Engineer: 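I am attaching a structure below and will ask some questions about it afterwards.
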Amino acid sequence: MDASVQEIPERLLGWYDNHARSLPWRAPPGLPAPDPYRVWLSEVMLQQTTVAAVQAYFAKFTQRWPTVMDLAAADDADVMSAWAGLGYYARARNLLACARAIAARGGAFPDTEAELRALPGLGDYTAAAVAAIAFGRRAVVIDANVERVVARLFAIDTPLPAGRKAIRDAADHITPDDRSGDFAQAMMDLGSAICTSRSPHCLLCPLSAACRGKEAPERYPVKPAKKAKPQRGGTAFWIERDGEVWLMRRADKGMLGGMRALPDDGWNARADGNGEPPLAGEWQAAGQVEHTFTHFHLSLSLRLYSGSVHARTANDDGEWWPVTRLDEAGLPTLFAKAARLALALRRDD
DNA sequence: TAACCGTGGTG
DNA sequence: TCACCAAGGTT
């Protein structure tokens, strides 16, 4: 093996000792691990989500639910509302399920990767990350940063996903027995600040001497082409009475599952909505909201009910919500946009 | 295996 | 402006 490859862990940890980002869920390099609850919570929030987006949510959750026992005892609706805006809402449902599983075993997280992997919402990455960061276990932690850094270090040009086997073997090879949590976080910091996806800064990289891909780093890893996102259309409905608006609770499975929402006409990723309002009467057009999800674009028409509303609007799962407290309803971003539009229109009246 | 599942930043 | 991207997991 190339001598420079053997030096990777030491070089990277040396860089990390001086350049580690200071984050609320992280212990400074070399210091004792933070509370496993905070490590786990941050890792789940950080799945496919930027550090900048997570910061405020992490502060809110840890202030409101300081321990995993507190979180386990929370109401589902409160947790879903607190997660609103962060996206990938299955994470919040799994977060609660996991917290309750931990509470059922006394409040202590398991300290091995295999046991962690069996918990809801913890896949290969998160189980390895928590085992390494919170419990000091040696684990091969592979996220998109590590994937990119390792593919470049070893010039692995097998297209993903097939290339993941070689990437994992290489990552395993350079993961040290000691400080594997710091090593994982160092790889992620390096990927975030130096070995970035679009414009890597090889001149600043502590691993450039060992890097076989530095001549053309943007070549790695080789990714498959993305599918085009279809354009869909749908309608959301604003029904207001006595300063309250009718909100639904979406089904647990599928898009925006478990979240509060405006009633809609059944639009989804595969089909436009049918345009049918939830109750008969007079409706007025209130404009459009454009929103892009992971796999499709949506042009949402907002319609306002202009008739009188009886006590019961629909026989579905819903509730009247005070318009002045809409920011507390925990609407996902699409419906928060629609609500903003409706409120702007009201003010103009 | 591949489709599904949010959102905000960015080059 | 817009396609790409991010500390992925589930089915």
Side-chain angles (χ1 to χ4, degrees), chain A residues 20-21 23-26 38-58 80 83-95 97-98 116-134 139-149 160-162 164 171 181 183-193 195-201 218 221 223-231 250-259 261 268-270 289-298 330-337:
Chain A
R21 283 177 290 179
L23 298 169
W25 49 83
R26 176 184 278 188
R38 294 169 67 87
V39 175
W40 161 73
L41 179 62
S42 68
E43 289 300 342
V44 172
M45 287 184 167
L46 286 162
Q47 290 167 2
Q48 294 286 285
T49 308
T50 59
V51 166
V54 164
Q55 298 263 21
Y57 286 85
F58 182 81
M80 299 310 290
W83 196 276
L86 199 54
Y88 283 149
Y89 298 101
R91 291 186 294 173
R93 302 194 297 272
N94 286 329
L95 191 81
C98 183
L116 289 162
R117 180 66 179 79
L119 293 166
L122 282 83
D124 290 342
Y125 163 76
T126 306
V130 174
I133 297 169
V140 182
V141 181
I142 301 179
D143 75 324
N145 288 301
V146 176
E147 205 166 76
R148 183 173 61 255
V149 171
L160 302 183
R164 295 212 162 94
F183 180 80
Q185 293 177 94
M187 289 287 276
M188 295 189 276
D189 277 16
L190 189 77
S192 170
C195 195
T196 62
S197 179
R198 303 279 189 99
S199 54
H201 309 292
E218 55 288 329
K223 295 189 176 183
K226 303 268 182 184
K227 281 189 175 178
K229 295 179 182 183
Q231 175 71 50
R250 293 176 66 90
D252 272 342
K253 296 197 173 184
M255 288 219 41
L256 311 177
M259 301 301 288
N268 60 54
R270 286 165 294 282
V289 170
E290 305 300 328
H291 193 76
T292 298
F293 293 101
T294 307
H295 50 304
F296 68 104
H297 303 286
L298 178 68
L331 293 177
T333 299
L334 167 69
F335 293 112
K337 286 183 189 173

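Not measured: the values here are computed from a predicted model. By convention in this document, chain letters (A, B, ...) are assigned in the order of the sequence lines, proteins followed by strands, and residues within each chain are numbered from 1. No hydrogens, no waters, no symmetry mates; every other heavy atom, side chains included, goes into these values.
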Engineer: Between atom OH in A:Y125 and atom C1' in C:dA6, what is the gap in whole Å?
Structural biologist: 11 Å
Engineer: Rounded to whole angstroms, how far apart are CZ on A:R91 and P on C:dT10?
Structural biologist: 12 Å
Engineer: Would you mind classifying the nucleic acid contact of A:L298 as base, sugar-phosphate or nothing, using non-hydrogen atoms under 4.0 angstrom?
Structural biologist: nothing
Engineer: Before we go on, tell me: are the rings of A:H295 and A:F293 under 6.0 Å apart, centre to centre?
Structural biologist: no
Engineer: On DNA chain C, nearest-nucleotide positions of A:N145 versus A:L119: which is more 5'?
Structural biologist: A:N145
Engineer: Using whole Å, report how far CG of A:L86 lies from P of C:dG8.
Structural biologist: 12 Å
Engineer: Checking contacts here: which listed nucleotide (B:dT7, C:dG8, C:dA7) is nearest the side-chain heavy atoms of A:D189?
Structural biologist: C:dA7
Engineer: Working to the nearest 0.5 angstrom, can you tell me the gap between A:F296 CZ and A:M255 CE?
Structural biologist: 4.5 Å
Engineer: Closest to the A:H295 side chain: C:dA6, B:dC4, C:dG9?
Structural biologist: B:dC4
Engineer: Quick one: label A:W25 by what it contacts on the DNA or RNA (base, sugar-phosphate, nothing), any heavy atom closer than 4.0 Å.
Structural biologist: base
Engineer: Would you measure the distance from the P atom in C:dT1 across to the matching atom in B:dG6 and give it in whole Å?
Structural biologist: 26 Å
Engineer: What is the separation between atom CZ on A:R148 and atom C1' on C:dA7, rounded to the nearest whole Å?
Structural biologist: 11 Å
Engineer: Using heavy-atom distances to pick each residue's nearest nucleotide on DNA chain C, tell me which of A:K253 and A:E43 is more 5'.
Structural biologist: A:E43
Engineer: Using heavy-atom distances to pick each residue's nearest nucleotide on DNA chain B, tell me which of A:P161 and A:F293 is more 5'.
Structural biologist: A:P161
Engineer: When we call it a touch if two heavy atoms are under 4.0 Å apart, what does A:T294 touch: a base, just sugar-phosphate, or nothing?
Structural biologist: base
Engineer: Taking the P atom in each of C:dA7 and B:dA2, what is the distance between them to the nearest angstrom?
Structural biologist: 23 Å
Engineer: State whether the side chain of A:R117 and the backbone N or O of A:L122 hold a donor-acceptor pair below 3.5 Å, judged by distance alone.
Structural biologist: yes
Engineer: Would you indicate whether the side-chain heavy atoms of A:H297 and A:E290 approach each other to under 4.5 Å?
Structural biologist: no
Engineer: Atom CD of A:Q47 to atom C1' of B:dG6: distance rounded to whole Å?
Structural biologist: 13 Å
Engineer: Distance check: side-chain N/O of A:Y88 vs OP1/OP2 of B:dC4, anything under 4.0 Å?
Structural biologist: no
Engineer: The test is salt bridge (Lys or Arg N to Asp or Glu O under 4.0 Å); show your working for A:D124 and A:R164 and say whether it passes.
Structural biologist: CA-CA 13 Å; A:D124 290 342; A:R164 295 212 162 94; over 6 Å; no
Engineer: Would you say the side chain of A:T49 and the base of B:dG6 hold a donor-acceptor pair, judged only by whether the two atoms sit under 3.5 Å apart?
Structural biologist: yes
Engineer: Nearest of C:dA7, B:dA3, B:dG6 to any side-chain atom of A:K227?
Structural biologist: B:dA3
Engineer: What contact category does A:M255 fall into here, base, sugar-phosphate, or nothing, at under 4.0 angstrom with non-hydrogen atoms?
Structural biologist: sugar-phosphate
Engineer: Of the nucleotides B:dT7, C:dC5, C:dA7, which one has an atom closest to the side chain of A:K226?
Structural biologist: C:dC5
Engineer: When you compare B:dC5 with C:dC2, how far apart are their P atoms, in angstrom units rounded to a whole number?
Structural biologist: 24 Å
Engineer: Side chain of A:Y57, backbone of A:A84: donor and acceptor closer than 3.5 Å?
Structural biologist: yes
Engineer: Find out whether A:D189 and A:R26 are in side-chain contact, i.e. whether some heavy atom of one side chain is under 4.5 Å from a heavy atom of the other.
Structural biologist: yes
Engineer: Measure all distances between protein nitrogen or oxygen atoms and nitrogen or oxygen atoms of nucleotides 8-11 of chain B, and list the pairs falling under 3.5 Å.
Structural biologist:
unit_1: B:dG11; atom_1: O4'; unit_2: A:R198; atom_2: NH1; d: 3.3

Engineer: Taking only the P atom of each, what is the distance from B:dT1 to C:dG9 in whole angstrom?
Structural biologist: 16 Å
Engineer: How many Å lie between CG on A:L122 and P on C:dT11, as a whole number?
Structural biologist: 14 Å
Engineer: OP1, OP2 of C:dG9 versus side-chain N and O of A:R93: anything below 4.0 Å?
Structural biologist: no
Engineer: If I take atom CG in residue A:L95 and atom C1' in nucleotide B:dG6, what distance separates them, rounded to the nearest angstrom?
Structural biologist: 16 Å
Engineer: Answer yes or no: is there a donor N or O on one side and an acceptor on the other, between the side chain of A:R91 and the main chain of A:Q47, under 3.5 Å?
Structural biologist: yes
Engineer: Of all the nucleotides listed (C:dT10, B:dC5, C:dA7), which has the minimum atom distance to the side chain of A:A144?
Structural biologist: C:dA7
Engineer: Is a side-chain donor or acceptor of A:S42 paired with a backbone partner of A:R38 at a separation under 3.5 angstrom?
Structural biologist: yes
Engineer: Report the distance from atom CG of A:N268 to atom P of B:dC5, rounded to the nearest whole Å.
Structural biologist: 8 Å
Engineer: Reckon A:R270 has a side-chain N or O less than 4.0 Å from the OP1 or OP2 of B:dA3?
Structural biologist: no
